[in-house]
2 protein chains.
Amino acid sequence: MSITKDKARRLLRENSLRVTGPRLAVIEVLAEANKPLSYGEVLKRMGSTDWDPATVYRNLVKLREAGLAPVVSRAAGSDRYVFSPGKGAVHRHPHFVCDDCGEVSCLPTNLTSSISMEGPWAVSIQQAAVQLRGECPDCMDRKYLGRT
Amino acid sequence: MSITKDKARRLLRENSLRVTGPRLAVIEVLAEANKPLSYGEVLKRMGSTDWDPATVYRNLVKLREAGLAPVVSRAAGSDRYVFSPGKGAVHRHPHFVCDDCGEVSCLPTNLTSSISMEGPWAVSIQQAAVQLRGECPDCMDRKYLGRT
DNA sequence: TCCAAAAAAGCAAACAACTTGCATCTGCAA
DNA sequence: TTGCAGATGCAAGTTGTTTGCTTTTTTGGA
(Lines give C-alpha, C1' and ligand atoms only; values in the text may rest on other atoms or scores of the structure.)
Protein backbone atom coordinates (compact mmCIF):
# COMPACT_ATOMS: atom_id res chain seq x y z
CA MET A 1 0.00 0.00 0.00
CA SER A 2 1.67 3.15 -1.13
CA ILE A 3 0.24 6.60 -1.53
CA THR A 4 0.42 9.33 -4.13
CA LYS A 5 2.04 12.59 -3.18
CA ASP A 6 -1.19 14.30 -4.08
CA LYS A 7 -3.25 12.24 -1.75
CA ALA A 8 -0.73 12.80 1.00
CA ARG A 9 -0.88 16.54 0.45
CA ARG A 10 -4.63 16.50 0.57
CA LEU A 11 -4.71 14.47 3.76
CA LEU A 12 -2.33 16.86 5.43
CA ARG A 13 -4.33 19.90 4.38
CA GLU A 14 -7.55 18.29 5.53
CA ASN A 15 -5.98 17.91 8.92
CA SER A 16 -4.57 21.44 9.04
CA LEU A 17 -1.03 20.24 8.82
CA ARG A 18 1.42 22.00 6.56
CA VAL A 19 2.86 20.14 3.65
CA THR A 20 6.60 19.77 4.04
CA GLY A 21 9.31 17.55 2.70
CA PRO A 22 10.02 15.52 5.81
CA ARG A 23 6.33 15.15 6.49
CA LEU A 24 5.62 13.70 3.08
CA ALA A 25 8.62 11.43 3.45
CA VAL A 26 7.40 10.08 6.76
CA ILE A 27 3.96 9.40 5.34
CA GLU A 28 5.48 7.67 2.38
CA VAL A 29 7.58 5.40 4.55
CA LEU A 30 4.65 4.47 6.75
CA ALA A 31 2.37 3.89 3.79
CA GLU A 32 4.85 1.69 2.03
CA ALA A 33 5.76 -0.34 5.08
CA ASN A 34 2.16 -1.30 5.60
CA LYS A 35 2.93 -2.55 9.05
CA PRO A 36 3.62 -0.93 12.38
CA LEU A 37 6.93 0.94 12.49
CA SER A 38 8.65 2.47 15.45
CA TYR A 39 10.35 5.85 15.34
CA GLY A 40 13.66 4.11 14.96
CA GLU A 41 12.45 1.90 12.17
CA VAL A 42 11.02 4.84 10.30
CA LEU A 43 14.33 6.56 10.68
CA LYS A 44 16.20 3.62 9.20
CA ARG A 45 13.88 3.48 6.24
CA MET A 46 14.37 7.16 5.57
CA GLY A 47 17.97 6.20 5.09
CA SER A 48 19.60 8.27 2.44
CA THR A 49 17.09 11.09 2.52
CA ASP A 50 18.76 12.58 5.47
CA TRP A 51 16.10 14.53 7.26
CA ASP A 52 16.76 15.42 10.82
CA PRO A 53 15.91 12.65 13.30
CA ALA A 54 14.18 15.10 15.60
CA THR A 55 12.04 16.28 12.74
CA VAL A 56 11.03 12.76 11.89
CA TYR A 57 10.21 12.17 15.51
CA ARG A 58 8.08 15.27 15.77
CA ASN A 59 6.29 14.44 12.58
CA LEU A 60 5.29 11.06 13.90
CA VAL A 61 3.86 12.78 16.93
CA LYS A 62 2.00 15.28 14.75
CA LEU A 63 0.63 12.61 12.48
CA ARG A 64 -0.49 10.60 15.46
CA GLU A 65 -2.20 13.61 16.95
CA ALA A 66 -3.96 14.21 13.67
CA GLY A 67 -5.15 10.63 13.57
CA LEU A 68 -3.21 9.90 10.40
CA ALA A 69 -0.77 7.58 12.12
CA PRO A 70 -2.27 5.90 15.16
CA VAL A 71 -0.08 3.84 17.45
CA VAL A 72 -1.20 0.24 17.14
CA SER A 73 1.53 -1.58 18.96
CA ARG A 74 3.90 -0.89 21.77
CA ALA A 75 5.83 -4.10 21.54
CA ALA A 76 9.48 -3.90 22.44
CA GLY A 77 8.97 -0.70 24.32
CA SER A 78 8.42 1.78 21.59
CA ASP A 79 5.28 3.09 19.98
CA ARG A 80 4.66 1.71 16.53
CA TYR A 81 2.75 3.70 13.98
CA VAL A 82 0.74 2.72 10.96
CA PHE A 83 -0.46 4.99 8.23
CA SER A 84 -4.21 5.43 8.38
CA PRO A 85 -5.78 7.65 5.72
CA GLY A 86 -9.27 7.38 7.14
CA LYS A 87 -9.37 9.28 10.38
CA GLY A 88 -11.10 6.76 12.55
CA ALA A 89 -9.91 3.74 10.61
CA VAL A 90 -8.99 1.08 13.08
CA HIS A 91 -6.02 -1.18 12.63
CA ARG A 92 -6.96 -3.93 14.95
CA HIS A 93 -5.80 -7.42 14.24
CA PRO A 94 -3.21 -9.69 15.77
CA HIS A 95 0.45 -8.83 15.48
CA PHE A 96 3.40 -11.06 15.68
CA VAL A 97 6.43 -9.80 17.52
CA CYS A 98 9.68 -11.52 16.75
CA ASP A 99 11.83 -11.75 19.80
CA ASP A 100 14.84 -12.07 17.61
CA CYS A 101 14.84 -9.13 15.30
CA GLY A 102 12.17 -7.28 17.19
CA GLU A 103 10.07 -6.69 14.12
CA VAL A 104 6.36 -6.49 14.36
CA SER A 105 4.33 -8.04 11.59
CA CYS A 106 0.67 -7.98 10.85
CA LEU A 107 -0.65 -11.50 10.93
CA PRO A 108 -2.66 -12.69 7.96
CA THR A 109 -6.35 -12.75 8.61
CA ASN A 110 -6.74 -16.47 8.38
CA LEU A 111 -5.83 -16.63 12.03
CA THR A 112 -8.46 -17.99 14.29
CA SER A 113 -8.39 -16.89 17.85
CA SER A 114 -10.74 -16.99 20.71
CA ILE A 115 -10.04 -15.86 24.17
CA SER A 116 -12.42 -15.70 27.01
CA MET A 117 -12.34 -15.64 30.75
CA GLU A 118 -14.24 -14.69 33.81
CA GLY A 119 -13.45 -12.53 36.76
CA PRO A 120 -11.95 -9.08 37.16
CA TRP A 121 -9.71 -9.27 34.10
CA ALA A 122 -12.54 -9.95 31.73
CA VAL A 123 -13.35 -6.31 31.22
CA SER A 124 -9.83 -5.26 30.36
CA ILE A 125 -9.36 -8.12 28.02
CA GLN A 126 -12.41 -7.25 26.05
CA GLN A 127 -10.46 -4.26 24.95
CA ALA A 128 -7.20 -6.00 24.49
CA ALA A 129 -5.38 -6.60 21.29
CA VAL A 130 -3.98 -10.01 20.81
CA GLN A 131 -0.28 -9.99 20.36
CA LEU A 132 1.75 -13.05 19.71
CA ARG A 133 5.34 -13.40 20.54
CA GLY A 134 7.43 -15.90 18.79
CA GLU A 135 10.85 -17.32 19.12
CA CYS A 136 12.70 -19.99 17.36
CA PRO A 137 14.16 -22.76 19.54
CA ASP A 138 17.61 -21.24 19.20
CA CYS A 139 16.54 -17.86 20.46
CA MET A 140 14.72 -19.51 23.28
CA ASP A 141 17.92 -21.13 24.50
CA ARG A 142 20.05 -18.11 23.97
CA LYS A 143 17.83 -15.46 25.41
CA TYR A 144 15.29 -17.09 27.62
CA LEU A 145 17.33 -19.64 29.42
CA GLY A 146 20.38 -17.52 29.53
CA ARG A 147 22.87 -19.38 27.41
CA THR A 148 25.59 -17.29 25.93
CA MET B 1 5.18 -16.45 47.33
CA SER B 2 8.15 -15.52 49.41
CA ILE B 3 11.24 -17.51 50.17
CA THR B 4 13.31 -18.22 53.23
CA LYS B 5 16.88 -17.00 53.30
CA ASP B 6 17.94 -20.56 53.85
CA LYS B 7 16.22 -21.82 50.77
CA ALA B 8 17.67 -18.97 48.76
CA ARG B 9 21.15 -19.80 50.01
CA ARG B 10 20.71 -23.42 49.12
CA LEU B 11 19.45 -22.59 45.64
CA LEU B 12 22.42 -20.36 45.00
CA ARG B 13 24.89 -22.97 46.17
CA GLU B 14 23.22 -25.65 44.09
CA ASN B 15 23.79 -23.46 41.09
CA SER B 16 27.39 -22.64 41.97
CA LEU B 17 26.60 -19.03 42.68
CA ARG B 18 28.07 -17.33 45.69
CA VAL B 19 25.79 -16.17 48.43
CA THR B 20 25.99 -12.42 48.75
CA GLY B 21 23.86 -9.66 50.17
CA PRO B 22 22.67 -8.10 46.93
CA ARG B 23 22.02 -11.50 45.45
CA LEU B 24 19.78 -12.58 48.29
CA ALA B 25 18.00 -9.26 48.13
CA VAL B 26 17.28 -9.63 44.41
CA ILE B 27 15.92 -13.11 44.93
CA GLU B 28 13.75 -11.90 47.76
CA VAL B 29 12.27 -9.12 45.65
CA LEU B 30 11.53 -11.43 42.75
CA ALA B 31 10.06 -14.10 44.99
CA GLU B 32 7.78 -11.67 46.77
CA ALA B 33 6.61 -9.94 43.63
CA ASN B 34 5.41 -13.20 42.18
CA LYS B 35 5.05 -11.63 38.78
CA PRO B 36 7.46 -10.60 36.06
CA LEU B 37 9.65 -7.65 37.03
CA SER B 38 12.00 -5.66 34.87
CA TYR B 39 15.43 -4.54 36.01
CA GLY B 40 14.01 -1.12 36.71
CA GLU B 41 11.13 -2.49 38.70
CA VAL B 42 13.40 -4.67 40.77
CA LEU B 43 15.53 -1.65 41.44
CA LYS B 44 12.56 0.35 42.66
CA ARG B 45 11.51 -2.44 44.97
CA MET B 46 14.98 -2.65 46.44
CA GLY B 47 14.34 0.91 47.49
CA SER B 48 15.99 1.73 50.76
CA THR B 49 18.47 -1.14 50.66
CA ASP B 50 20.82 0.77 48.52
CA TRP B 51 22.78 -1.79 46.63
CA ASP B 52 24.49 -0.63 43.51
CA PRO B 53 22.24 -0.60 40.43
CA ALA B 54 24.91 -2.24 38.33
CA THR B 55 25.18 -5.02 40.87
CA VAL B 56 21.45 -5.60 40.82
CA TYR B 57 21.58 -5.66 37.05
CA ARG B 58 24.39 -8.16 36.93
CA ASN B 59 22.68 -10.34 39.48
CA LEU B 60 19.58 -10.54 37.34
CA VAL B 61 21.76 -11.65 34.47
CA LYS B 62 23.47 -14.23 36.66
CA LEU B 63 20.22 -15.57 38.02
CA ARG B 64 18.83 -15.80 34.55
CA GLU B 65 21.89 -17.65 33.36
CA ALA B 66 21.52 -20.06 36.24
CA GLY B 67 17.90 -20.65 35.38
CA LEU B 68 16.71 -19.25 38.68
CA ALA B 69 15.12 -16.20 37.09
CA PRO B 70 14.04 -16.84 33.52
CA VAL B 71 12.81 -13.98 31.38
CA VAL B 72 9.16 -14.61 30.73
CA SER B 73 8.10 -11.35 29.18
CA ARG B 74 9.65 -8.62 27.16
CA ALA B 75 6.66 -6.35 27.13
CA ALA B 76 7.40 -2.66 27.09
CA GLY B 77 10.87 -3.25 25.85
CA SER B 78 12.62 -4.68 28.82
CA ASP B 79 13.23 -8.20 29.95
CA ARG B 80 11.05 -9.23 32.84
CA TYR B 81 12.21 -11.85 35.28
CA VAL B 82 10.34 -14.19 37.56
CA PHE B 83 11.78 -16.21 40.37
CA SER B 84 11.83 -19.87 39.53
CA PRO B 85 13.20 -22.23 42.18
CA GLY B 86 12.91 -25.33 40.03
CA LYS B 87 15.54 -25.15 37.36
CA GLY B 88 13.45 -26.08 34.37
CA ALA B 89 10.20 -24.86 35.82
CA VAL B 90 8.34 -23.12 33.09
CA HIS B 91 6.38 -20.01 33.66
CA ARG B 92 4.21 -20.06 30.64
CA HIS B 93 0.77 -18.62 30.85
CA PRO B 94 -0.82 -15.51 29.47
CA HIS B 95 0.26 -12.14 30.73
CA PHE B 96 -1.61 -8.95 30.72
CA VAL B 97 0.28 -5.80 29.90
CA CYS B 98 -1.29 -2.57 30.97
CA ASP B 99 -0.65 0.13 28.47
CA ASP B 100 -1.23 2.70 31.12
CA CYS B 101 1.08 1.87 33.95
CA GLY B 102 3.14 -0.60 31.97
CA GLU B 103 2.83 -3.29 34.57
CA VAL B 104 2.77 -6.90 33.59
CA SER B 105 0.45 -9.20 35.46
CA CYS B 106 0.03 -12.92 35.37
CA LEU B 107 -3.45 -13.77 34.27
CA PRO B 108 -5.44 -16.17 36.39
CA THR B 109 -5.64 -19.63 34.98
CA ASN B 110 -9.33 -19.60 34.31
CA LEU B 111 -8.57 -17.99 30.98
CA THR B 112 -9.53 -19.94 27.97
CA SER B 113 -7.65 -19.29 24.82
CA SER B 114 -7.26 -20.98 21.55
CA ILE B 115 -5.33 -19.72 18.63
CA SER B 116 -4.73 -21.48 15.41
CA MET B 117 -3.87 -20.63 11.88
CA GLU B 118 -2.43 -21.95 8.70
CA GLY B 119 0.38 -20.84 6.50
CA PRO B 120 3.94 -19.72 7.15
CA TRP B 121 3.24 -18.17 10.53
CA ALA B 122 1.85 -21.33 12.02
CA VAL B 123 5.22 -22.65 13.06
CA SER B 124 6.30 -19.54 14.87
CA ILE B 125 3.03 -19.27 16.64
CA GLN B 126 3.25 -22.73 18.01
CA GLN B 127 6.06 -21.42 20.09
CA ALA B 128 4.49 -18.12 20.91
CA ALA B 129 3.35 -16.94 24.25
CA VAL B 130 0.02 -15.27 24.38
CA GLN B 131 0.22 -11.78 25.63
CA LEU B 132 -2.74 -9.56 26.08
CA ARG B 133 -2.63 -5.84 26.01
CA GLY B 134 -5.32 -3.89 27.67
CA GLU B 135 -6.36 -0.33 27.79
CA CYS B 136 -9.24 1.39 29.36
CA PRO B 137 -11.39 3.52 27.05
CA ASP B 138 -9.75 6.66 28.42
CA CYS B 139 -6.26 5.51 27.62
CA MET B 140 -7.39 4.45 24.23
CA ASP B 141 -8.49 7.98 23.41
CA ARG B 142 -5.53 9.65 24.98
CA LYS B 143 -2.74 7.50 23.65
CA TYR B 144 -3.98 5.59 20.69
CA LEU B 145 -5.98 8.12 18.82
CA GLY B 146 -3.71 10.96 19.71
CA ARG B 147 -5.84 13.20 21.85
CA THR B 148 -3.99 15.41 24.24
C1' DT C 1 3.16 38.84 -6.20
C1' DC C 2 4.67 40.00 -1.74
C1' DC C 3 4.46 39.83 3.46
C1' DA C 4 3.89 38.63 8.21
C1' DA C 5 2.59 35.19 11.50
C1' DA C 6 2.61 30.63 12.75
C1' DA C 7 4.38 26.28 12.10
C1' DA C 8 8.12 23.27 11.06
C1' DA C 9 13.02 22.27 10.36
C1' DG C 10 17.67 21.65 11.95
C1' DC C 11 21.16 21.47 15.31
C1' DA C 12 22.67 20.49 19.68
C1' DA C 13 22.19 18.98 23.90
C1' DA C 14 19.36 16.76 27.77
C1' DC C 15 17.47 12.44 29.28
C1' DA C 16 16.43 7.87 30.88
C1' DA C 17 17.36 3.36 31.08
C1' DC C 18 20.44 0.01 30.52
C1' DT C 19 25.39 -1.81 30.05
C1' DT C 20 30.27 -2.19 30.55
C1' DG C 21 35.23 -1.27 32.34
C1' DC C 22 38.03 -1.49 35.97
C1' DA C 23 40.06 -1.43 40.49
C1' DT C 24 38.90 -3.24 44.95
C1' DC C 25 36.82 -6.48 47.98
C1' DT C 26 35.04 -11.11 49.61
C1' DG C 27 32.97 -15.90 49.90
C1' DC C 28 34.50 -20.17 50.20
C1' DA C 29 37.24 -24.38 48.95
C1' DA C 30 41.55 -26.22 49.95
C1' DT D 1 44.08 -19.11 57.22
C1' DT D 2 44.78 -18.09 52.67
C1' DG D 3 44.45 -17.55 47.51
C1' DC D 4 41.79 -16.37 43.98
C1' DA D 5 37.76 -16.64 41.00
C1' DG D 6 33.87 -14.35 41.41
C1' DA D 7 31.25 -10.20 43.12
C1' DT D 8 30.86 -5.41 44.27
C1' DG D 9 30.86 -0.28 43.67
C1' DC D 10 31.84 3.64 41.17
C1' DA D 11 32.09 5.91 37.06
C1' DA D 12 31.57 6.34 32.56
C1' DG D 13 29.73 4.60 27.94
C1' DT D 14 25.67 3.28 25.04
C1' DT D 15 21.43 3.54 22.78
C1' DG D 16 17.32 5.41 21.69
C1' DT D 17 14.23 8.98 22.51
C1' DT D 18 12.84 13.73 23.65
C1' DT D 19 13.29 18.81 24.26
C1' DG D 20 15.13 23.80 23.73
C1' DC D 21 16.10 27.23 20.78
C1' DT D 22 17.16 29.70 16.60
C1' DT D 23 16.50 29.83 11.72
C1' DT D 24 13.77 28.67 7.78
C1' DT D 25 9.51 27.67 5.35
C1' DT D 26 4.64 27.45 4.45
C1' DT D 27 0.52 29.66 3.69
C1' DG D 28 -3.43 32.89 4.04
C1' DG D 29 -4.20 37.56 3.26
C1' DA D 30 -2.85 42.36 1.52
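Each chain gets a letter, A, B and so on, in the order its sequence line appears, and its residues count up from 1. Worth knowing before you read on, the calculation uses all heavy atoms, side chains too, and leaves out hydrogens, waters and symmetry mates.
Scanning all heavy atoms of the two residues, the minimum distance from A:Ala69 to A:Leu30 falls at CB-CD1, 3.8 Å. The minimum heavy-atom distance between B:Ala66 and B:Asn15, with the atom names listed, is O-OD1, 3.5 Å. Smallest separation of non-hydrogen atoms from A:Glu41 and A:Pro36: OE1-O, 3.8 Å. Taking both residues in full, the closest heavy atoms of B:Gly21 and B:Trp51 are given as C-CZ2, 3.9 Å, listed atom of the first, atom of the second, then distance. The shortest non-hydrogen separation linking B:Leu43 to B:Pro53 is CD1-CA, 3.9 Å. The minimum heavy-atom distance between B:Arg64 and B:Pro70, with the atom names listed, is CG-CA, 4.5 Å.
Rounded to whole Å, atom C1' of D:dT19 lies 15 Å from atom NZ of A:Lys62. Taking atom CG of A:Asp52 as the reference point, atom P of D:dT19 lies 15 Å away to the nearest angstrom. The separation between A:Tyr39 atom OH and D:dT15 atom C1' is 11 Å, rounded to whole Å. Rounded to whole angstrom, the span from the CG atom of B:Asp79 across to the C1' atom of D:dT15 amounts to 15 Å.
A salt bridge does not link B:Arg45 with B:Glu32: every distance from a Lys NZ or Arg NE/NH1/NH2 to an Asp or Glu carboxylate oxygen is 4.0 Å or more.
Across A:Asn59, A:Leu37, A:Thr20, a single residue satisfies side chain to side chain contact (heavy atoms under 4.5 Å, CB included) together with A:Val26, and that is A:Asn59.
When each of B:Arg58 and A:Asn59 is assigned the nucleotide of DNA chain C bearing its nearest heavy atom, the one mapping closer to the 5' terminus is A:Asn59. Nucleotides of DNA chain C nearest to B:Arg13 and B:Tyr57 differ in position, and the one nearer the 5' end is that of B:Tyr57.
Less than 4.0 Å separates DNA chain D from at least one heavy atom of each of the following residues of residues 17-27 of chain B: B:Leu17, B:Arg18, B:Thr20, B:Pro22, B:Arg23.
On the nucleic acid side, DNA chain C contacts chain B at distances under 4.0 Å to non-hydrogen atoms, with the end points of that region at C:dC18 to C:dC28.
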